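Remarks on the structure that follows.
The structure displayed is predicted, hence computed values, not measured ones.
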Amino acid sequence: MPPFRNPQEGDAAVTTIDDVVRRPQRADARRNFDALLAAGRDVFAEEGAQGSLEEIARRAGVGIGTLYRNFPTRNDLLEAVYVEEIQALVRVAESVESVEPWSALETWLLRFTEYLRTKRALVEGLNRDSEVMSVCRATMYSAGRPILDRAQAAGVARADISIEDAVRMLAGVSGAAFDSPEQRARVLGLAIDALRAR
């Protein structure tokens, strides 16, 4: 059975993102799996959801057969890349638990803006109403909410906002056209700064 669990009719419901992707146990297989996810993220970000699977396999340093053994369909790979991006947000949330509250919030929100780049490339190929997407959304908010709560409790973040507000604002700003990466970084910094308590 491939490491990717694609829920079919009759399967148990997807309740956590760990229900979606199962990494292989063998170290070499796990390396190939992770290399395919990284290459998939890059190719999909560059070319959209229809990016070349052959190019993904090439960048990962594996044959196309290895790609299909791990991800039998394009949708399996798209969902796995999406889930990996959500898991990265969770890892960042865990890594900033002992960081000063404002810095923790800023770090998580900046990583969220990087996730948005990948999400935009993937979303055309994903079913937005799927259980996987729903669980991923809930997981993302659950990762960010305690960080914002802690910043609000410390008096460094506005008390009148929710994590959903912050995420929607940054998603909107991040989707704008920018003249340069420097301008994008500057404008996102201004948006994040708007969340500070005054």
Side-chain angles (χ1 to χ4, degrees), residues 1-95 107-108 110-144 171 174-175 178 180-181 184-185:
M1 177 179 176
F4 187 86
R5 177 193 178 280
N6 192 9
Q8 301 294 326
E9 190 175 333
D11 282 352
V14 175
T15 55
T16 72
I17 56 177
D18 292 332
D19 292 334
V20 180
V21 178
R22 296 187 192 126
R23 280 185 160 68
Q25 295 301 308
R26 281 189 7 244
D28 59 334
R30 195 165 50 249
R31 275 192 302 275
N32 289 342
F33 184 90
D34 291 341
L36 285 164
L37 286 180
R41 182 186 61 238
D42 293 344
V43 170
F44 292 142
E46 293 164 16
E47 301 176 16
Q50 295 307 311
S52 166
L53 297 181
E54 290 77 9
E55 177 63 12
I56 291 169
R58 187 191 68 74
R59 289 192 193 185
V62 302
I64 193 70
T66 299
L67 184 149
Y68 283 118
R69 269 194 306 280
N70 282 280
F71 307 103
T73 70
R74 176 181 297 274
N75 191 65
D76 291 341
L77 180 56
L78 286 166
E79 282 193 348
V81 169
Y82 186 72
V83 166
E84 175 60 24
E85 287 294 287
I86 295 295
Q87 289 173 324
L89 284 169
V90 171
R91 288 191 297 271
V92 170
E94 291 167 351
S95 75
T107 298
W108 191 83
L110 286 171
R111 179 59 183 87
F112 170 74
T113 65
E114 292 306 309
Y115 146 81
L116 287 172
R117 286 181 169 180
T118 303
K119 180 187 177 191
R120 283 199 182 88
L122 299 176
V123 78
E124 67 189 72
L126 294 171
N127 175 0
R128 295 182 194 197
D129 298 321
S130 73
E131 283 183 280
V132 171
M133 293 291 278
S134 176
V135 169
C136 283
R137 259 190 309 275
T139 300
M140 178 186 67
Y141 287 133
S142 294
S174 183
F178 296 102
S180 66
R184 180 181 187 275

side-chain contact (heavy atoms from CB on, under 4.5 Å) against Ala35, all qualifying residues, sequence neighbours excluded:
Ala60
Is the closest side-chain heavy-atom distance between Glu114 and Glu85 below 4.5 Å?
no
Can you tell me if Asp76 uses its side chain to pair, donor with acceptor, with the backbone of Thr73 under 3.5 Å?
yes
With sequence neighbours left out, the residues meeting side chain to side chain donor-acceptor pair (under 3.5 Å) with Thr107 are none
Which residues satisfy the side chain to side chain donor-acceptor pair (under 3.5 Å) test with Glu46, sequence neighbours excluded?
Arg59
Using side chain to side chain donor-acceptor pair (under 3.5 Å) as the criterion, list what pairs up with Thr66, not counting sequence neighbours.
Arg69
Check whether Ser95 reaches the backbone of Val92 with its side chain - one donor and one acceptor, N or O, closer than 3.5 Å.
yes
Do Val90 and Glu94 come close enough that some side-chain heavy atom pair is under 4.5 Å?
yes
Might you point out which heavy atoms bring Ala143 and Ala93 nearest each other, and give the distance in Å?
O-CB, 3.6 Å
Return the set of residues passing side-chain contact (heavy atoms from CB on, under 4.5 Å) with Arg31 (not counting sequence neighbours), or none when no residue passes.
Ala27, Asp28
For a quick test of reading the model, state the closest non-hydrogen atom pair linking Ser174 to Leu116 and the distance between them.
CB-CD1, 3.7 Å
Once rounded to the nearest 0.5 Å, what's the spacing between atom CG of Leu53 and atom CD1 of Ile64?
5.5 Å
Taking every non-hydrogen atom, the tightest pair across Gly51 and Arg74:
O-NH1, 2.7 Å
Do Phe44 and Leu77 come within less than 4.5 Å of each other through their side chains, counting heavy atoms only?
yes
Ring-plane angle category for Phe112 and Trp108, please: parallel below 30°, perpendicular beyond 60°, tilted otherwise.
parallel
Do the side chain of Thr113 and the main chain of Leu110 share a donor and acceptor less than 3.5 angstrom apart?
yes
Mind checking what makes side-chain contact (heavy atoms from CB on, under 4.5 Å) contact with Ser52, not counting sequence neighbours?
Glu47, Glu54, Glu55
pair Leu78-Phe71: side-chain heavy atoms closer than 4.5 Å:
no
Would you give the length of the straight line joining atom CG of Leu89 to atom OH of Tyr141, rounded to the nearest 0.5 angstrom?
11.5 Å
